[in-house]
Structures are given as structure tokens and as C-alpha cells.
Amino acid sequence: MIKLHNTLVKKIVEFTPIKEGEVTVYTCGPTVYDHAHIGNMSSYIYAETLRRTLIANGLKVQQVMNYTDVDDKTIKRSHEKYPDLDPKEALLKLTSEYISTFNDDVQKVGIDTKSIQFIKATESIDQMKKIIQQLLDKKIAYLADDGIYLSIEAYKKSGKTYGQLLNISDSNTSEARIDNDEYDKESVHDFALWKKQKDGEPSWEFSVGDRDMTGRPGWHIECSAMSEMSLGLPFDIHTGGIDLIFPHHENEIAQSTGAKDNPVMANYFVHSNHLLVDGKKMAKSANNFYTLQDIINKGFDPLAFRLLVLQSHYRNESNFTWDNLYSAQNRLKRWKNIAELRWQENVAITSGADSPDFDEGFAECMNDDMDTPSAIERLEKYLGDMENLNFCKPCVENIYSLVDSYFGLNILANTPDINDSQKQTILEREKARETKDWAKSDELRDKLLGQGIGLRDTDKGSIWYRI
RNA sequence: GGCGCGGUGGCCGAGGAGUUAGGCAGCGGUCUGCAAAACCGCCUACACGAGUGCGAAUCUCGUCCGUGCCUCCA
């Protein structure tokens, strides 16, 4: 049984898929106008951890992630970067570049992109028009001079609830915050489904009745269209960062349920909390964000960052500091060094010691609202025993393949055996030590050190580890 | 201003009324030909004030501080 925190009910509940044995997941992906920052990465790592947890429970998972490749920011940036190109070509060029770097980044932090179905907003325009037309037909949407808006009032009158994820009372909204003159919408709460083309902007043809509404989609409609297109309605789980709860997901719900008869868009909304940097929120609009490349440039392993993310619970705010990353990297290194023991016949016991309840306990933590910190604690307790060189080889393989399947740290794959010549060097050194030829012994040790292999001599023989 | 969340040892981070978190760093020691990121031990904390309990880091109230959302946001 998997338990998840569902934002719709604001508590941890048992997860039950719509179709037995299968799960559909929609993950709000990046707006591809710049490099993704590490905060973005953390939310995708958590989304992937959810998928891995579902799969570990024997469920067949279809996870979709979108690319927001048309919106205010992508348009603005593409015009700045490629002012001489046709607006649509400029947009495509810019977004393709960032889609490609996003893919690289996400793979570096261990996200298995082959298991995710990616979808682009610009390839889903027809579906957006379809939903908008349905909303217009139901009079939940209306035409204005500068675009098409969804009327919150009409939506509510149709019997639906606006504010399913967040309690929003009218008195909360400060009118001063919204420059209503800028838009032709009827109410400050209404939001744009479609924006009519302005000079120099990319556009898609769209006519409503006899009115030409050529322009481009609003941000929220993109996700409503892409999720419905790829997963159908309703689907099981919608994921994203907490800052997408309002207005993005709330508006998606309004669109997806307003146009249809079903009252829900997705049964579960799972939101991850922010990764702060030095205690402050990271945002592209502020200038305090790091990208994965910054981490790599400082010599850190991107997977150490993944571990840093997993060390804190997805619903807790966590803090990124370089010290913290250093700490996570050392932990990962230690985990890997222990995994390397499985190749070393002189210390690996092939039978005997064993960890029968590890799998179950670890899975239990993960199934309990993806409690990665508790799962890590459990792992550490077993590793403590293994470090005493008193473990069974199949045991290490079992534990790490389980850990890899949930955490995606690729520990087994990244800790291969050393090559034959290195093994030979170790044997030669053992012989030199037997004859107390310390000069030769040290020379051979240095030789291995140059290849990134360290040695420690124990009463069970020499043990190697990667540096 | 409205609605939330949180303040845990040098650092990061779980837990959450009585019982060990864990890691990283540091210190002391052990093993060793010398070494070792190996082993052992140490540092045993929960913002502040009051309240309710036999008992509070854990519950309640208040204060201070931080932080998030309130139509850019992972």
C-alpha cells in the first residue's frame, strides 16, 4: 500500500489508481527559456522518485512531462536572442536549445528520461483550441478584445469549486496588486486562455465563430491540453512544485473540469517543497539560482546533488549550501566504497550474514509518503554492519539494487570491478609485503593511487576502493 | 494586509509527550612496516516566555526570527 499526501484533501491518504495495476502521472515540466536551476532539478528528482516508488510496487506507470515552449518568457527571450528570425522560428530555435540542455541536465542527476513521455506545448495547440471552444460553448469562457478568458464566476455557477487546492476567499485578493487596466477581462480573478497576437509575436490561427483570434495560448491551458491528450481525464497523479498550486494547478482544474462533465482533473495532486539557497527561495526572476553546471564546475558529482535532495523529505523545505553538498558527496562516496566490497573475494562472505528484513523496511519507508530520510537512515544502519567486512556478497547486491531502483543513484553501475592488471598489481604488492619489501610495496600502492584506486590493509587482506 | 509552514548539536537533516536518529565536519584513540576516506570512543541538541501534564524538544497560548503563496515561479 502506498500512501501519499494529496493536496486536494491536504492530508496523507492511501493511493488507489483508477485502473488497477496502472498509474498515470503528469508532471509539470520546465519552461524552456533558460537553463533549469537546481530547484527545478529537485522537483523533478522527487517526481521521479514517485515514479520509481510506484514501479517498485508493481504498478505500470505512464509518466508524462511537458515542455512549456511557448509563453511570455520564451517569446521574449527568443526575440532578444534571434531578433532577425521569424518569431516562430526564433521561438523554436531557442526552445530546442534549452530542451536539449534540460535533457542533458536531467540525465546527469540520474533521471531516466526513457521512462518519461515528453510533450511540447506547441505540438498540442489543436487540443488547446478544442478545450477553449468547449469552455466557450459552455459559457465558462468569454471573448475579449485581447483574448479569451475563463470566467471564475461562470465556472462557479456551473456548480464547480474554484479553490480545490487552496482556500481562496475574495477578501484575500488585494485589488491593488492587479493592474486591471492592462487586460480586457471582466474580473480580476479571470485568467487568459488565449492571447491575441501582438506585433512580432509568434501566433497560431484560431477563429471563434467569425472572429479571428489568431494568437497564442495562455500558460494554464497548455497543461490542461497536454495532460488530457496524453493521459485522458481524469488521470491519477498530478505533480509539481508547491508554487504551482496556485494559480497554475487551480486554473488547470478549472479548465479541465469546466469543459467536461467529470468533476476532477486528477485524483491526487502531489506537490514538492522548495529547495532554498542559503535560506532564500531560488527563482529565475531573482538572481540567486545555481544550475547543475555550476555544481559540475565546482567538481561535484551531480548524483551527490541527487542524494542531497533525497536526504530531505519532499514536502519539507530544504536548504542548499556547498557544505551540505560536500557532505552528501562524502556520504555517496562511502556508499559506493562499500558497494565495491562485493568484488573482493578476500572479504566477501558468500553465505551466512544476511539482511532479511532490509528490503521490507526500506520499501515501507518509501511507501509511506516517500519518506526518503527514514529510508536512508535504515540503509545506514545496514551499511554500518557491512563496513565491518562481515557481510555476504549477494546481500550487498540485493541491498544496492533495491536502493538504486528507488533512489536512482546508479551505485552498482558506477562501482564496477577493477581490471585484471590492477588486480595483478595488488597481488604483486601482497607478495612484496610478505617479503617485507616495503619500497616495492609502496611503489605499487602509488601506482594504483595514480589510477584512482586506494588500498587499505586489513587482517583479511588488502582492500581496494575508488578515490 | 489575508492564508500557510518552520525555528533541532560546528553544518545538514529526521523524529515528535518518558526510551539511540543518521550523515558530514571536528577531537581522542586503535589497527598498520608506513598508511588509510577502516575500526572504536567523544562532542547528547531541540528559538524564547508562560501554561497543561507525574513528565514537554514533542501539546496549548504568547513573543521573536525565518520562509512560502496571494495570478512570472519547481
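Since the structure is predicted, the reported quantities are computational estimates derived from the model, not experimental observations.
Rounded to whole Å, the separation between the P atoms of A45(B) and A57(B) comes to 11 Å. The P atoms of C27(B) and C61(B) are separated by 45 Å, rounded to the nearest whole Å.
Within the 4.0 angstrom heavy-atom criterion, base atoms lie near Arg429(A). Here Gly240(A) lies in heavy-atom contact (under 4.0 Å) with sugar-phosphate atoms only. No engagement by Ile376(A) is indicated, since no non-hydrogen atom pair under 4.0 Å with the nucleic acid exists. In this structure, Asp72(A) reaches neither bases nor backbone, as no heavy-atom distance under 4.0 Å exists between it and the strands shown. Asn324(A) comes within 4.0 angstrom of the backbone, heavy atoms only, and of no base. Residue-level contact check: Ser441(A) touches the bases, meaning some heavy atom is under 4.0 Å from a base atom. Using a 4.0 Å heavy-atom criterion, one finds that Tyr465(A) contacts the bases of the nucleic acid, with or without backbone contacts as well. Across all strands shown, Leu308(A) has no heavy atoms under 4.0 Å from either base or sugar-phosphate atoms.
The glycosidic torsion of G29(B) lies more than 90° away from 0, which places this base in the anti conformation.
No salt bridge links Arg429(A) with Asp442(A); every basic N to acidic carboxylate O contact stays at or beyond 4.0 Å.
A donor-acceptor contact under 3.5 Å is formed by the side chain of Asp442(A) with the base of G33(B). Between the side chain of Arg456(A) and the base of A35(B) there is no donor-acceptor pair of N/O atoms closer than 3.5 Å.
Ring geometry for Trp335(A) against Phe407(A) counts as parallel: the plane angle stays under 30°, on a 0 to 90° scale with 60° as the upper cut.
Of the listed residues (Asp369(A), Thr49(A), Thr372(A)), just one forms a side-chain hydrogen bond (donor to acceptor under 3.5 Å, both in side chains) with Tyr314(A), and that residue is Asp369(A).
Using a 4.0 Å cut-off, no side-chain N or O of Asn273(A) falls inside it from OP1 or OP2 of G68(B). Applying the 4.0 Å criterion to OP1 and OP2 of A37(B), one finds that Asn330(A) has every side-chain N and O outside that range.
For Ile467(A), counting side-chain heavy atoms from C-beta on, the closest listed nucleotide (C11(B), A35(B), A37(B)) is A37(B).
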